[in-house]
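Contents: one structure, followed by commentary.
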2 protein chains.
Amino acid sequence: MGERIPHWLDKQAALNPQRTAIETSDGGSISFSELRERSRRMAHALMGNGVKQDDHVALLASNSSTYAVFIHAVSYVGAVAVLLNTRLTSAEIAYQLEDAHVSHFYADGHHLQVATESVREMNLDVRRLEHVEEKKESLHQLHTDLDLDDVYTMMYTSGTTGNPKAVMHTYGNHWHSAVASALNLGVQEKDKWLNCLPLFHVGGFSILMKSVVYGMPIMLFEKFDARKVHKAIMDKAITHVSVVTVMLQRLLEVLEDGTYPDHFRCMLLGGGPVPEVMLKKTSAKGIPVFQTYGMTETTSQIATLSPEFAFSKLGSAGKALSPAHLYIDSTERGGVGEIIVRGPMVSKGYYNRSEREGAYLRTGDLGFEDEDGFLYVVDRVKDVIISGGENIYPAEVESVLSSLPGVREAGVTGRFDKHWGEVPAAYIVAEDGASLTEKEVLDWCRKRLAKYKCPKEVHWIEELPRNASNKLLRRHLSSYSMQGGDE
Amino acid sequence: MGERIPHWLDKQAALNPQRTAIETSDGGSISFSELRERSRRMAHALMGNGVKQDDHVALLASNSSTYAVFIHAVSYVGAVAVLLNTRLTSAEIAYQLEDAHVSHFYADGHHLQVATESVREMNLDVRRLEHVEEKKESLHQLHTDLDLDDVYTMMYTSGTTGNPKAVMHTYGNHWHSAVASALNLGVQEKDKWLNCLPLFHVGGFSILMKSVVYGMPIMLFEKFDARKVHKAIMDKAITHVSVVTVMLQRLLEVLEDGTYPDHFRCMLLGGGPVPEVMLKKTSAKGIPVFQTYGMTETTSQIATLSPEFAFSKLGSAGKALSPAHLYIDSTERGGVGEIIVRGPMVSKGYYNRSEREGAYLRTGDLGFEDEDGFLYVVDRVKDVIISGGENIYPAEVESVLSSLPGVREAGVTGRFDKHWGEVPAAYIVAEDGASLTEKEVLDWCRKRLAKYKCPKEVHWIEELPRNASNKLLRRHLSSYSMQGGDE
């Protein structure tokens with residue numbers, strides 16, 4: 001048994017009953033007191049449906065305040081929430097339901113059909129999320145404490161090879177992640193965090209956790225919509241937004257020559273380094289971009305670069321937050337190696353898989369630290385292209401490609417080559433109206449990259465393959481470009 | 001083994017190497033990087049003196065930056081710091097050294113003599129604190145991690161009866177206490193906390209901990225001096241000060257008709273409820289007073305009242321911080337009972353005493369919660385006067401006495417009475433130049449208190465007996481007044 005703390009939602013409802021917990025983009029709003037009442041009602045309803053402590057309860061749903069209510073209800077029951085990606089096929093859902101030993105399954109109206117398909121060959125019912133909460137209170141006993149060592153959520157990582165695995169997060173992982181972010185970014189009375197990331201991913205989920213740990217209002221979007229998010233930042237006293245690079249790019253397009261209000265104090269940017277050209281734009285507009293490094297296994301960000309270092313440490317993800325350790329597995333000081341992390345926000349392991357040995361997590365990412373201890377993430381270990389014995393990091397090539405005027409975004413992956421083993425191939429999404437030739441692209445690269453790093457072929461595509469959290473899936477570039485408008 | 005985190009001073013030296021960690025009132029200043037270097041050097045020196053992991057190392061010293069260096073050095077060694085009160089007699093010191101199984105003893109120059117006296121009959125040397133740091137680095141291995149379950153400090157509670165007991169604080173107690181305060185008061189980049197409380201008490205020590213957990217500069221005073229503290233608040237960009245009531249009163253006297261700069265955002269007030277008349281003054285001047293409730297066993301504050309409730313909840317200590325539980329041991333809702341607390345900042349127990357059963361700490365304080373859940377501390381269980389079967393809470397009577405113009409401060413305690421068992425006796429410190437009569441005092445009380453609560457006698461004294469953290473020692477009122485100028 002670990003450290004026990006009062007249920008965090010009970011606590012906020014006691015400390016700040018009238019404070020807004022969740023605003024929704026449709027103008028709705030719930031106070032911490034109301035969120036507690038709804039969550040406890042839903043907890044009673046879940047228990048009425050047979051959900052017991054330690055049961056694995058899956059949810060397939062879009063972002064909504066009911067999603068948040070469900071999440072807290074699960075903690076009042078002491079069950080474990082298995083959060084499913086809404087982009088999954090019914091077969092993928094079926095795999096995860098079985099793998100996670102799910103005994104109760106809830107889906108919202110939008111996903112009822114795929115959910116129902118997914119359980120066709122299983123002994124499992126699908127219940128509709130929207131119909132759960134109406135039930136009355138029962139005599140069931142709800143949890144008044146949270147044990148920081150108890151598993152609270154499971155989220156599947158896509159992984160670049162093999163079957164997806166469920167990352168287990170304890171209450172302690174979520175608590176320490178929220179605290180680490182608070183110690184890094186500070187906590188102020190008027191903070192209000194906008195969430196347009198999916199709640200089934202740790203980036204979005206962590207904002208729900210910050211809300212209940214800090215007693216902070218959040219504004220919840222069903223999904224990212226650049227114009228609506230922009231409008232909220234301008235008009236709704238938003239102080240923080242979490243985005244991935246492609247979202248920031250869209251926001252900058254909408255922002256045009258304007259800038260954000262003074263109280264806007266943090267654009268938390270995940271999902272890889274930001275291209276220099278974009279950074280220059282944000283800097284010119286005074287947008288405080290915090291570049292981060294993190295993953296599901298680290299319960300969101302574990303390293304962050306503050307805006308004051310945005311240029312002097314261009315491309316860095318900063319330093320490991322307190323209280324996290326971060327090492328590079330390299331024999332030479334400053335050399336590239338796998339990034340290894342440790343800390344109370346790092347997941348203890350994957351569900352139903354052999355336990356990790358020791359406290360250290362090998363991230364599968366390559367990086368190095370400069371002489372001041374700033375982390376540079378080079379690439380995924382598995383995405384590295386090995387060409388004639390040389391390592392090529394796709395991210396480096398993509399960064400050069402993205403800086404070419406007319407290029408909106410670019411992806412690079414390895415293609416089999418009889419002579420070199422692999423050679424880099426570029427996949428480019430052009431700006432609207434831009435007319436670029438392959439020669440222009442290759443000339444641009446040759447001036448900026450060693451010859452072996454230059455793409456050997458260029459494909460023009462409509463969009464890059466990304467997962468539900470908008471991360472580039474390089475291994476899908478070639479197949480995706482064949483399906484989707486390669487010229 | 002508990003959760004492990006990177007050594008917090010290593011972390012701050014990595015994240016904020018150049019940021020000021022400690023300013024001293026003489027104009028000195030140490031950065032986090034320097035503090036780390038000095039602390040590690042001292043850790044090597046301590047190990048050179050034979051200090052090993054888990055050893056109990058006592059310190060008898062006034063506040064200074066070297067005190068802070070020592071504290072961190074002990075954590076690099078993995079030893080336990082036994083922090084002695086500088087007001088103790090040599091016999092009291094000897095008792096604590098034996099009781100705490102101290103194997104190494106350091107004292108600063110001011111306290112070398114009493115320290116030496118205290119060990120006269122013991123097999124223990126006294127080393128001078130100021131001479132420790134000069135040593136060079138050695139080959140000893142320093143700790144790079146802190147285990148949140150490891151005991152870090154021991155501080156003696158005076159207790160109102162019986163021998164003092166050593167409260168054990170783990171790293172986790174200190175960490176969670178600092179985090180709880182951060183979640184309550186927020187953390188901002190320009191925060192700078194002034195400490196004029198002794199570091200051997202948890203109120204002062206907790207500010208050192210906040211500094212290293214938040215990466216926040218503190219300004220360290222050797223002791224409280226109203227004029228100097230006032231000047232620092234006015235000129236040195238101070239945002240927070242921790243005080244007890246009597247210090248706040250002195251500060252208000254110095255402040256006169258002025259007020260504090262806008263950036264001053266927290267006067268954290270411990271040591272009992274503040275008299276209404278003082279609260280009116282601070283409110284009129286816009287001084288943000290946060291009234292708190294806490295003790296050594298809760299690793300400083302565990303409940304706090306924010307200034308917005310200062311008047312609507314007059315006399316309340318607010319609500320239990322996240323993540324703490326607080327209950328009243330009373331059969332009726334809203335009734336007075338002993339205050340019971342639980343949470344990760346609550347000490348697991350006393351050194352070398354039988355372990356507490358369960359996670360709940362009985363505080364020995366009486367209080368009640370109003371209908372909104374705000375805590376009112378009524379008094380110490382042991383200070384309650386029982387007169388003809390009725391409970392009289394000295395704090396209530398003192399509050400009435402303090403509101404009488406001409407009264408600077410007042411203490412109330414029980415005196416034996418053949419008929420009633422006990423009756424209340426008042427001890428009053430008059431304002432300079434005030435001329436009050438016993439009749440005026442008693443008339444004032446009779447209008448405001450039930451007859452049985454009115455003091456049956458009034459003593460005029462020069463000052464109230466207080467312990468090193470300035471808390472009123474009611475049980476010493478009668479003997480103290482006889483030694484010290486009772487009229």
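Note that these values count all heavy atoms, side chains included, but never hydrogens, waters or copies made by symmetry. Naming convention: chains lettered A, B, ... in sequence-line order (proteins, then strands); numbering from 1 in each chain.
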Of the backbone (N, CA, C, O) and the side chain (C-beta and beyond), which part of [X] lies under 4.5 Å from a heavy atom of chain B, both, or neither?
{"X": "Ser306(A)", "result": "neither"}
{"X": "Ala320(A)", "result": "both"}
{"X": "Leu321(A)", "result": "backbone"}
{"X": "Trp175(A)", "result": "side chain"}

Problem - Distance-minimising heavy-atom pair for His263(B) and Thr239(B) - result: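 The answer is O-CG2, 3.6 Å.
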
Given side chains that start at C-beta, do those of [X] and [Y] come closer than 4.5 Å, heavy atoms only?
{"X": "Ile71(B)", "Y": "Tyr152(B)", "answer": "yes"}
{"X": "Thr292(B)", "Y": "Leu269(B)", "answer": "no"}
{"X": "Trp8(B)", "Y": "Met209(B)", "answer": "yes"}

Exercise for the section: Using a cut-off of under 4.5 Å on heavy-atom pairs, state which of Gly186(B), Ala324(B), Ala14(B) scores highest against chain A. Expected result: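 When all of Gly186(B), Ala324(B), Ala14(B) are compared, Ala324(B) has the most.
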
Practice task
Identify which of His7(B), Lys11(B), Lys319(B), Met216(B) forms the greatest number of heavy-atom pairs closer than 4.5 Å to chain A.
Solution key: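 With the most close heavy-atom pairs to chain A, the winner is Lys11(B).
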
Problem - Positive for ring-ring contact (aromatic ring centres under 6.0 Å, His included) with His240(A), one of Tyr214(A), Phe264(A), Phe290(A), Trp193(A) - result: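 With His240(A) as partner, ring-ring contact (aromatic ring centres under 6.0 Å, His included) holds for just one option, Trp193(A).
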
Practice task
For chain B, find which of Asp191(A), Val213(A), Asp145(A) contributes the most heavy-atom pairs closer than 4.5 angstrom.
Solution key: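 If we count pairs closer than 4.5 Å to chain B, Asp145(A) comes out on top.
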
Handout entry: Heavy-atom pairs under 4.5 Å with chain B, option from Ala178(A), Gly215(A), Pro323(A) with the top count
Key =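 Greatest number of close heavy-atom pairs with chain B: Pro323(A).
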
Problem - Any donor-acceptor N/O pair, Ser206(A) side chain to Val202(A) backbone, under 3.5 Å - result: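 Yes, because the side chain of Ser206(A) sits within donor-acceptor range (under 3.5 Å) of the backbone of Val202(A).
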
